[in-house]
Amino acid sequence: MSDEREGSGERASVPTGLAPSRIAASLLAVALATPAVSAAERLTVFTGETMGTTFTVKVVDLPRAVDRAGVAQAIETRLADVDGAMSTYREDSELSRFNRSRSTDWVAVSAPTVSVIEAALAVSRLTAGAFDVTVGPLVNLWGFGATPPGRGLPTEAEVRTAMARVGYRYLHTRRAPPGVRKERAELYVDLSAIAKGFAVDEVARALEARGIGRYLVEVGGELRAGGLNHDDRPWAVAIEQPRAEIRSLQRLVRLEDEAIATSGDYRRFIEVGGRRYSHTIDPRSGHPVDHRLASVAVIHASALQADALATALMVLGEQDGFALARREGIAALFLLRELDRFVELATPGFPLPGDVTVGNEME
């Protein structure tokens, strides 16, 4: 498991923030055929940078009684709070302090951090460790994490050493007072595969607390739609084709009061000796995933859940991942490589309109 999603501008360097950038990620809000003046009158857009990536928040019909500057401040405050608590790139974050600690006693953290770790542990248990919140040592070893990468591929001995530091069963939480504890001093927690989804949910809650019910929140590629868009229809969101060389759309889906996240192997990778190694690490083997599943998109009421489940299903692959998604009622779309095209495999809950392809348009 890795903490990344797909985006353009792939590079080996690691930006500051919660995790390497999922910039311009594979889920993009698509502009609908509506007169520009109508959109300009009804839409209020907030943009910025956070967690080593970007965010965009679109609000429809901002209430007159709601101060625009106040909304902007609330958005940035929520995002800063998540980054300050859960970043593995900031030395002063709660998570970084916990990871540096060699203590196996309880360490005080904020209630939101406990909540996110508990959610991550639940997905870890659901997938029997295919998603593992303690996978950070392996992600760092392969050069995709907060630790600067080494040269070349890791040796099997190095992989085994890193795997000895991985194990979600050695991590524990408590709610009152909020805290976390590790049984092994060397345990390293990485929330990057779930924290951006949590950040999206937090921004959505901040908007709803101000009486805003129609919005589209996007942070590093994870999205959550509230109500209807400026055309009074469910929000149109595009799933990108999992191709490294170009950016094009695979499918449109429409969301209303739902979130969507995607995970794939086609943007962030390394090439050594002519072979491509995905950033998505399987904690059970210690190696990047190696199967024909190119990407997974998950729709869920919670962006946090969609975020974590997309990574988990990507690690599990087309057979085990699809079986788990069907069994658990997860709305997921799997894109499988087949020669020069992609084959779609969707669970019953994933919306598949008849017109599946929208060409090469991008917003």
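The first residue of the sequence shown is numbered 1, and numbering continues consecutively from there.
In this view, Arg125 satisfies the side chain to side chain donor-acceptor pair (under 3.5 Å) rule with no residue, not counting sequence neighbours. For the side chain to side chain contact (heavy atoms under 4.5 Å, CB included) test, residues two or more places apart in sequence or in another chain that qualify with Gln73 are Thr77. With sequence neighbours excluded, the residues satisfying salt bridge (Lys or Arg N to Asp or Glu O under 4.0 Å) with Arg205 are Glu202. In this structure, the side chain to side chain contact (heavy atoms under 4.5 Å, CB included) partners of Glu258, at least two apart in sequence or on a different chain, are Leu255, Ile299. With sequence neighbours excluded, no residue satisfies salt bridge (Lys or Arg N to Asp or Glu O under 4.0 Å) with Asp105. Every residue was checked against the side chain to side chain donor-acceptor pair (under 3.5 Å) condition with Glu328, not counting sequence neighbours, and none meets it. In this view, Asp320 and Leu316 satisfy the side chain to side chain contact (heavy atoms under 4.5 Å, CB included) rule, not counting sequence neighbours. Looking at residues two or more places apart in sequence or on another chain, you find a side chain to side chain donor-acceptor pair (under 3.5 Å) between Arg184 and Tyr170. The side chain to side chain donor-acceptor pair (under 3.5 Å) test applied to Gln319 returns no partner, not counting sequence neighbours. Residues satisfying the salt bridge (Lys or Arg N to Asp or Glu O under 4.0 Å) test with Arg284, not counting sequence neighbours, are Asp282. Annotation: ring-ring contact (aromatic ring centres under 6.0 Å, His included) contacts of Phe322 (sequence neighbours excluded): Phe334. By the side chain to side chain contact (heavy atoms under 4.5 Å, CB included) test, Arg175 pairs with Val114, Glu118, sequence neighbours left out.
Contact annotation: the side chain of Val133 never approaches that of Ile194 to less than 4.5 Å [non-hydrogen atoms, C-beta and beyond]. Side-chain atoms of Phe198 and Pro112, non-hydrogen and from C-beta on, do get closer than 4.5 Å to each other. Counting only heavy atoms from C-beta outward, the side chains of Lys58 and His230 never approach each other to under 4.5 Å. Two residues are said to be in side-chain contact when any heavy atoms from C-beta on lie closer than 4.5 Å; Met51 and Tyr89 fail this criterion. Side-chain contact check for Asn229 versus Leu216: every heavy-atom pair is 4.5 Å or farther apart. The shortest distance between side-chain heavy atoms of Thr347 and Ile330 does not fall below 4.5 Å. Using a 4.5 Å heavy-atom threshold, the side chains of His287 and Glu156 count as touching.
The backbone N or O of Val315 lies less than 3.5 Å from no partner atom in the side chain of Thr280, so there is not a single donor-acceptor pair. Under a 3.5 Å cut-off, the side chain of Thr54 and the backbone N or O of Thr47 do not form any donor-acceptor pair. Judged purely by atom type and a 3.5 angstrom limit, Arg165 has no side-chain atom pairing as donor or acceptor with the backbone of Pro137. Side-chain atoms of Glu94 come within 3.5 Å of backbone N or O of Ser110 as a donor-acceptor pair. Here the side chain of His291 pairs a donor or acceptor atom with the backbone of Met314 at under 3.5 angstrom. In this structure, the side chain of Asp231 does not engage the main chain of Arg233 through any donor-acceptor pair within 3.5 Å. In this structure a side-chain-to-backbone donor-acceptor pair under 3.5 Å is present from Asp201 to Leu304. Side chain of Ser124 to main chain of Phe131: a donor-acceptor pair is present (N/O by atom type, distance under 3.5 Å, no hydrogens or angles). Checking side-chain atoms of Thr161 against main-chain N and O of Ala157 turns up a donor-acceptor pair under 3.5 Å.
The existence of a salt bridge linking Asp232 and Arg214 is confirmed by a sub-4.0 Å separation between a basic side-chain nitrogen and an acidic carboxylate oxygen. The residues Lys196 and Asp307 are annotated as not salt-bridged, no charged nitrogen and carboxylate oxygen being separated by less than 4.0 angstrom.
Grouping the Ile, Leu, Val, Met, Phe, Trp and Tyr side chains by contacts below 4.5 angstrom, directly or via other members, places Leu187 apart from Trp106. Hydrophobic clustering (ILVMFWY, side-chain heavy atoms < 4.5 Å, transitive): Leu43 and Leu228 are in distinct clusters. Residues Leu345 and Val298 share a hydrophobic cluster, clusters being chains of Ile/Leu/Val/Met/Phe/Trp/Tyr side chains in contact below 4.5 Å.
With a 6.0 Å radius and a threshold of 12 heavy atoms from other residues, nucleotides or ligands, Arg326 has its CZ atom at or below the threshold.
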TODO: Start with the C-alpha distance between Glu218 and Val57, add both sets of side-chain angles, then the distance that settles side-chain contact (heavy atoms from CB on, under 4.5 Å), and finish with yes or no.
DONE: CA-CA 6 Å; Glu218 180 268 331; Val57 178; over 6 Å; no

Using side-chain contact (heavy atoms from CB on, under 4.5 Å), reason through Ile117 and Leu191 one step at a time and then give a plain yes or no.
CA-CA 7 Å; Ile117 290 177; Leu191 296 175; 3.9 Å; yes

TODO: Determine, step by step, whether Phe98 and Lys182 satisfy the side-chain contact (heavy atoms from CB on, under 4.5 Å) criterion, reporting the C-alpha distance in whole Å, the side-chain angles of both residues, the deciding distance to 0.1 Å, and the verdict.
DONE: CA-CA 9 Å; Phe98 175 70; Lys182 46 189 171 183; 3.8 Å; yes

Evaluate Leu121 against His172 for side-chain contact (heavy atoms from CB on, under 4.5 Å), listing each step before the verdict. CA-CA 9 Å; Leu121 287 173; His172 307 280; over 6 Å; no

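Here Met86 contributes atom CE and Ser192 contributes atom OG; the two are 11.0 Å apart, rounded to the nearest 0.5 Å. Note: Arg224 CZ to Asp257 CG = 8.0 Å, rounded to the nearest 0.5 Å. To the nearest 0.5 angstrom, Leu207 atom CG is 5.5 Å from Ile75 atom CD1. For the atom pair OG (Ser285) and CE (Met163), the distance works out to 6.5 Å, reported to the nearest 0.5 Å. Atom-to-atom distance recorded for Thr56:OG1 and Leu223:CG is 9.0 Å, nearest 0.5 angstrom. With rounding to the nearest 0.5 angstrom, the CZ atom of Arg181 is 9.5 Å from the CZ atom of Arg174.
Here the closest heavy-atom approach between residue Leu79 and residue Ala199 is recorded as CD2-CB, 3.9 Å. Looking at every heavy atom in both residues, Gly220 comes nearest to Thr53 through CA-OG1, 3.4 Å. Minimum interatomic distance between Thr262 and Ser295 (heavy atoms only, all atoms of both residues): OG1-CB, 4.4 Å. For the residue pair Glu91 and Arg97, the shortest heavy atom distance occurs at O-CG, 4.1 Å. Residues Ala164 and Glu186 come closest through the heavy atom pair O-OE2, 4.4 Å. Considering all non-hydrogen atoms of both residues, Val296 and Ala332 come closest at CG1-CB, 4.4 Å.
With Tyr188 as the fixed residue, the side-chain contact (heavy atoms from CB on, under 4.5 Å) test singles out one of Thr88, Val166, Thr134: Thr88.
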